[in-house]
Protein chains: 2
Amino acid sequence: MIDLEESVKNIGILKKYTKDEILFNAQENANGFYYVQSGEIRVYKMDENGREVEVVRLEPGDFLGEAIVFVSSRFPFFAQAVKDSNVLFFEKKTILRKIESDPSAAKFFVNLLAKKCLVLNKRIESLGLQTVRQRLIQHMLSHCRGNEQCVIELKMKKSELAKILGTISETLSRNLKQMQEEGLIEVKGSRIRITNCPVLRSELSP
Amino acid sequence: MIDLEESVKNIGILKKYTKDEILFNAQENANGFYYVQSGEIRVYKMDENGREVEVVRLEPGDFLGEAIVFVSSRFPFFAQAVKDSNVLFFEKKTILRKIESDPSAAKFFVNLLAKKCLVLNKRIESLGLQTVRQRLIQHMLSHCRGNEQCVIELKMKKSELAKILGTISETLSRNLKQMQEEGLIEVKGSRIRITNCPVLRSELSP
DNA sequence: AGATATCCTTGACTTAAGTCAAAAAAAGAT
DNA sequence: ATCTTTTTTTGACTTAAGTCAAGGATATCT
């Protein structure tokens with residue numbers, strides 16, 4: 001979740017998408033990037049068998065394609081609105097001109113991309129964790145603010161969470177069940193309540 | 001491997017390090033980033049048991065800390081020269097001033113960070129691959145230029161490559177042996193010769 | 001509501017990969 | 001060189017996680 005600064009916001013073009021509408025297809029020219037103001041956007045790829053594989057789900061405050069635009073020219077994925085959504089579109093040409101003319105915009109984008117790098121690095125470290133259980137814990141903790149207790153509302157299918165954790169739904173299901181039996185969490189549908197964050201945290205650095 | 005453009009190069013301060021010399025320690029203030037001109041730099045962390053875990057090894061043309069500087073203030077790792085090395089140091093203040101005054105420098109850094117994001121994304125995809133074998137193949141292929149045959153010179157201990165692939169040295173060793181028995185590669189010490197890239201490539205997208 | 005499809009869970013089984021321990025090989029030191 | 005230390009390889013074993021298949025549970029549609 002990142003707030004846009006005014007000078008940047010002004011050059012964005014508001015686009016409205018209705019539920020299920022496609023923002024763009026894979027291989028389309030990336031002549032700009034997106035910023036989600038409201039609603040929800042699903043980003044996905046196609047696997048070998050033509051099945052859709054979700055890459056990430058975007059919420060208000062999220063960017064899409066901000067790195068690609070500055071390097072290559074084609075999107076490697078599809079994007080589709082899950083709900084009616086308001087999205088700001090930043091045209092490549094406009095952005096580049098803005099960066100040249102407005103140092104604060106330049107700094108904004110440098111900072112934006114730098115932050116993204118750090119997030120990706122964290123993710124890499126996380127995937128380096130040995131067990132699915134550890135990666136699951138890490139994921140859950142990253143979604144709660146260090147409190148004793150907290151509730152996580154999954155914004156995606158469990159099978160998609162599994163993918164993100166580098167595993168499959170069956171294994172995720174078993175891990176959740178196991179942790180529930182241990183009294184560490186309570187799972188009800190797509191809501192997970194962590195009964196004791198510190199205990200979970202201690203499992204990550206033993 | 002990224003070339004510096006002249007306008008950027010000029011604001012770098014040349015620093016010379018001799019073999020084994022420390023560039024900085026973890027937790028030190030990140031008041032600038034580095035660019036390797038010659039030599040070799042080892043980047044590592046300490047694990048719980050106080051053992052050094054290599055994160056990456058840098059060669060000429062590589063940057064270090066370029067994302068951290070623009071966001072947070074402390075290095076999360078150590079850096080040490082493996083050989084005598086020439087390194088350019090870019091001071092945070094100087095860089096920010098440059099970005100403000102020189103649009104081409106601003107674009108350079110935006111592009112630099114954007115590229116880094118894409119590299120990290122690739123790495124994440126790669127770690128998402130199921131088997132160690134697949135990740136190993138992906139790693140080897142990324143180090144050869146699409147030729148029929150090619151030779152890879154490992155710049156690190158095999159145990160460190162294992163870490164990067166998200167596994168352990170024993171498993172890496174067994175995979176290398178297996179692939180050698182299948183006639184796909186030839187391993188001699190830290191030199192791997194791929195006898196047929198296309199065949200390997202086909203294993204990644206079956 | 002009922003019907004259809006999708007998703008989640010569970011069980012039985014297989015396999016990949018981790019652990020521990022020891023030998024072999026390679027790299028450093030004297 | 002020879003001795004010492006560190007890495008790498010190998011073997012025997014254990015365990016985590018994947019596969020396949022079936023039953024439940026939710027969601028979605030008309």
Side-chain angles (χ1 to χ4, degrees), chain A residues 19-20 40 42 44 47-54 57 82-83 127-139 152-182 185-192 203 206, chain B residues 19-20 40 42 44 47 49-54 57 82-83 126-139 152-182 185-192 203 206:
Chain A
K19 183 168 151 48
D20 296 337
E40 195 172 337
R42 194 171 74 95
Y44 60 96
D47 71 5
E48 322 80 54
N49 315 312
R51 287 157 62 120
E52 299 179 356
V53 182
E54 187 158 320
R57 188 156 286 216
V82 178
K83 311 172 181 168
L127 283 170
L129 291 172
Q130 307 82 326
T131 66
V132 169
R133 180 176 172 121
Q134 284 176 307
R135 301 199 290 271
L136 172 57
I137 290 175
Q138 169 121 337
H139 182 268
I152 300 158
E153 182 67 37
L154 295 180
K155 305 281 171 118
M156 58 190 111
K157 289 183 281 190
K158 292 215 178 102
S159 56
E160 276 156 5
L161 173 58
K163 271 234 157 246
I164 287 174
L165 297 178
T167 184
I168 58 176
S169 55
E170 292 96 320
T171 301
L172 171 60
S173 185
R174 284 171 185 132
N175 271 275
L176 285 171
K177 192 189 179 193
Q178 172 71 22
M179 293 175 69
Q180 191 159 20
E181 280 167 2
E182 291 171 22
I185 58 176
E186 286 164 26
V187 186
K188 266 182 199 136
S190 61
R191 169 170 292 130
I192 301 174
E203 261 196 56
Chain B
K19 182 166 151 51
D20 297 336
E40 195 172 337
R42 194 171 75 94
Y44 60 97
D47 71 5
N49 315 312
R51 288 157 62 120
E52 299 181 356
V53 182
E54 186 157 321
R57 189 157 285 217
V82 177
K83 311 172 182 169
S126 168
L127 283 171
L129 291 172
Q130 307 80 329
T131 65
V132 169
R133 179 176 173 121
Q134 285 176 306
R135 301 198 292 270
L136 172 57
I137 290 176
Q138 168 120 338
H139 182 269
I152 300 158
E153 182 66 37
L154 295 180
K155 306 282 171 117
M156 58 189 110
K157 289 185 281 190
K158 291 212 178 108
S159 55
E160 276 156 6
L161 172 58
K163 270 233 157 246
I164 287 175
L165 297 177
T167 183
I168 57 176
S169 55
E170 292 95 318
T171 301
L172 172 60
S173 183
R174 284 171 184 132
N175 271 275
L176 285 171
K177 191 190 179 193
Q178 171 71 21
M179 294 175 68
Q180 191 160 19
E181 279 166 3
E182 291 171 22
I185 60 176
E186 286 164 26
V187 186
K188 268 182 199 133
S190 62
R191 169 170 291 130
I192 302 175
E203 261 196 57

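The chains referred to below are lettered A, B, ... by the order of the sequence lines, with proteins before strands, and numbering in each begins at 1. What you see below is based on every heavy atom in this structure, not just the backbone, and it leaves out hydrogens, waters and symmetry mates.
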Let me confirm one number: the [atom1]-[atom2] distance from [X] to [Y], rounded to the nearest 0.5 Å.
X         : Y         : atom1 : atom2 : value
Ser159(A) : Ile164(A) : OG    : CD1   : 10.0 Å
Arg133(A) : Gln178(A) : CZ    : CD    : 6.0 Å
Asn175(A) : Thr171(A) : CG    : OG1   : 7.0 Å

May I have the distance from [X] (atom [atom1]) to [N] (atom [atom2]), rounded to whole angstrom?
X         : N       : atom1 : atom2 : value
Lys155(B) : dT7(D)  : NZ    : C1'   : 20 Å
Gln178(B) : dA17(C) : CD    : P     : 11 Å
Lys163(A) : dC7(C)  : NZ    : P     : 14 Å
Leu154(A) : dC7(C)  : CG    : C1'   : 13 Å
Leu165(B) : dA16(C) : CG    : C1'   : 15 Å
Asn175(B) : dG18(C) : CG    : C1'   : 13 Å
Gln134(B) : dG18(D) : CD    : P     : 12 Å

Checklist entry - Given side chains that start at C-beta, do those of Leu161(B) and Leu154(B) come closer than 4.5 Å, heavy atoms only? => result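 Side chain of Leu161(B) against side chain of Leu154(B), heavy atoms only: contact under 4.5 Å found.
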Item to check | Out of dA17(D), dA17(C), dG18(D), whichever nucleotide has its closest atom nearest the side chain of Ile168(A) | outcome: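 Between dA17(D), dA17(C), dG18(D), the one nearest the side chain of Ile168(A) would be dG18(D).
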Checklist entry - What residue pairs, at least two apart or across chains, pass salt bridge (Lys or Arg N to Asp or Glu O under 4.0 Å) with a residue in residues 155-165 of chain A? => result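 Found Glu59(A)-Lys155(A), Lys157(A)-Glu160(A).
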Can you check nucleotides 8-10 of chain C for protein contacts, nitrogen or oxygen pairs under 3.5 Å, and list what you find?
from: dC8(C); atom 1: OP1; to: Lys158(A); atom 2: N; distance (Å): 2.8
from: dC8(C); atom 1: OP2; to: Ser159(A); atom 2: N; distance (Å): 3.3
from: dC8(C); atom 1: OP2; to: Ser159(A); atom 2: OG; distance (Å): 3.3
from: dT9(C); atom 1: OP1; to: Lys158(A); atom 2: NZ; distance (Å): 3.3
from: dT9(C); atom 1: OP2; to: Ser173(A); atom 2: OG; distance (Å): 3.3
from: dT9(C); atom 1: O5'; to: Ser173(A); atom 2: OG; distance (Å): 3.2

Next on the checklist: Tell me every residue that passes salt bridge (charged side-chain N to carboxylate O under 4.0 Å, His left out) with Arg135(B), counting only those two or more places apart in sequence or in another chain.
Outcome noted: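 Arg135(B) satisfies salt bridge (charged side-chain N to carboxylate O under 4.0 Å, His left out) with no residue once adjacent residues are dropped.
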